[in-house]
Amino acid sequence: MKAVVYEAFSTPPRIMTVPDPTPEAHGVVVKVMATGVCRSDWHGWVGHDADIQLPHVPGHELAGIVEAVGKNVTTWKIGDRVTVPFVGGCGACPECHSGNHQVCDRQFQPGFTHWGSFAQYVALHQADINLVRLPDTLDFATAASLGCRFVTSFRAVVDQGKTSAGQWVAVHGCGGVGLSAIMIANAVGANVVAIDISDEKLALARALGAVATVNAAQTPQVAEAVIEITRGGAHVSLDALGHPATCFNSISNLRKRGKHVQVGLMLGDHSAPAIPMSRVIAQELEILGSHGMQAHRYDAMMAMIRSGKLAPEKLIGKTITLEQSIDALMSMDKFEVAGVTVVTEF
Ligand SMILES: [Zn+2]
Ligand SMILES: [Zn+2]
């Protein structure tokens with residue numbers, strides 16, 4: 001099969017012909033129909049992820065058609081349309097037994113722990129636990145855009161933030177994660193303040209339901225601006241970028257007993273950011289993470305997509321070929337593109 005392969009970190013990946021994958025007894029092989037290009041792929045490519053062994057095929061936001069099925073798989077058959085969350089569970093550890101596959105002790109992550117979906121085919125483990133069936137009405141490009149940024153945002157807003165109607169939600173960073181969070185928070189009835197340094201992205205944030213925006217490049221005191229807009233601070237605030245400055249602002253703009261959810265990854269030089277801890281204590285703030293979402297929680301999100309309350313297709317920026325994915329991957333740290341880029345031609 002054709003795949004995007006890198007043999008060293010931070011050196012240009014190449015299109016190569018590699019052996020077709022075969023399914024594990026508990027797994028399947030999926031013909032990739034669409035795969036998103038994500039900042040996590042960039043982090044992996046520059047060497048921020050200790051799970052990656054070289055040579056490596058990136059790609060974790062995928063949707064496709066089951067091509068081959070392992071002998072122990074009971075739920076899936078050839079031809080099924082499927083997607084997966086970017087973290088797959090083992091099904092046997094205490095976290096999986098408690099239903100929290102997103103923090104499994106032995107995670108399967110395509111594009112990180114194993115070869116990913118920047119390829120014509122991808123092997124997926126523990127298929128009965130980790131695969132999600134796609135409604136016929138959901139196209140592959142949109143489905144591919146769900147598995148990482150959208151589900152992580154859904155979990156951040158709904159399950160971790162426990163956001164409810166009428167609350168104020170601040171979203172710092174309006175890339176794929178932030179725009180997803182804005183759409184989801186708006187759908188559950190919250191008032192959203194979007195923060196970014198790009199007017200173009202803030203316009204998109206408004207179109208997706210943000211009721212107020214703050215351009216952080218033109219606002220010296222971002223947290224104070226959000227507190228002013230929300231008349232006392234956000235109930236829930238997300239760092240959707242993953243940067244010490246947005247993390248600090250997100251915690252600082254909370255109202256008392258508010259919840260900060262860290263969604264954007266903090267890796268490399270940014271892995272130990274400053275936290276306004278005196279404020280966390282005095283105001284009884286909560287600091288939470290969001291790390292994907294279990295396959296069994298997709299039902300709630302899919303129901304909101306089917307009903308039209310969530311429209312993830314609006315987050316798709318442009319569709320590209322596998323060849324073009326190499327440049328898209330290498331420039332993913334530059335934040336130039338609005339919306340999510342998806343590979344749809346292999
Ligand atoms: Zn597990
Ligand atoms: Zn991703």
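Atoms within each ligand, like the ligands themselves, are counted from 1 in listed order. In this text the structure is predicted, and so the values were computed from the model without any measurement.
The angle that Cys104 SG and Cys96 SG make at the Zn ion (ligand 1), rounded to 10°, works out to 110°. Taking the Zn ion (ligand 2) as the apex, the angle formed with NE2 of His60 and SG of Cys38 is 110°, to the nearest 10 degrees. In this structure, SG of Cys93 and SG of Cys90 enclose an angle of 110° at the Zn ion (ligand 1), rounded to 10°.
Among the backbone and side-chain atoms of His101, none of the N, O or S atoms lies under 2.8 Å from the Zn ion (ligand 1). Because the distance cut-off is set at 2.8 Å, Glu61 qualifies as a neighbour of the Zn ion (ligand 2) through one of its N, O or S atoms.
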Next on the checklist: Assess the residue pair His60 and Phe108 against the criterion (ring-ring contact (aromatic ring centres under 6.0 Å, His included)); give the C-alpha distance rounded to whole Å, side-chain angles, the decisive distance to 0.1 Å, and a yes or no.
Outcome noted: CA-CA 11 Å; His60 58 281; Phe108 170 80; over 10 Å; no
Next on the checklist: Under the criterion side chain to side chain contact (heavy atoms under 4.5 Å, CB included), I'd like the reasoning laid out for Val211 against Trp168: C-alpha separation, chi angles, the key distance, then a yes or no.
Outcome noted: CA-CA 10 Å; Val211 296; Trp168 283 99; 3.8 Å; yes
Next on the checklist: side-chain hydrogen bond (donor to acceptor under 3.5 Å, both in side chains), that's the test. Do Thr113 and Asp51 meet it? Break it down for me.
Outcome noted: CA-CA 5 Å; Thr113 62; Asp51 288 334; over 6 Å; no
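The aromatic ring centroids of His101 and His296 lie less than 6.0 Å from each other.
Using a 3.5 Å distance cut-off with no hydrogens or angles, the side chains of Asn100 and Gln102 do pair a donor with an acceptor.
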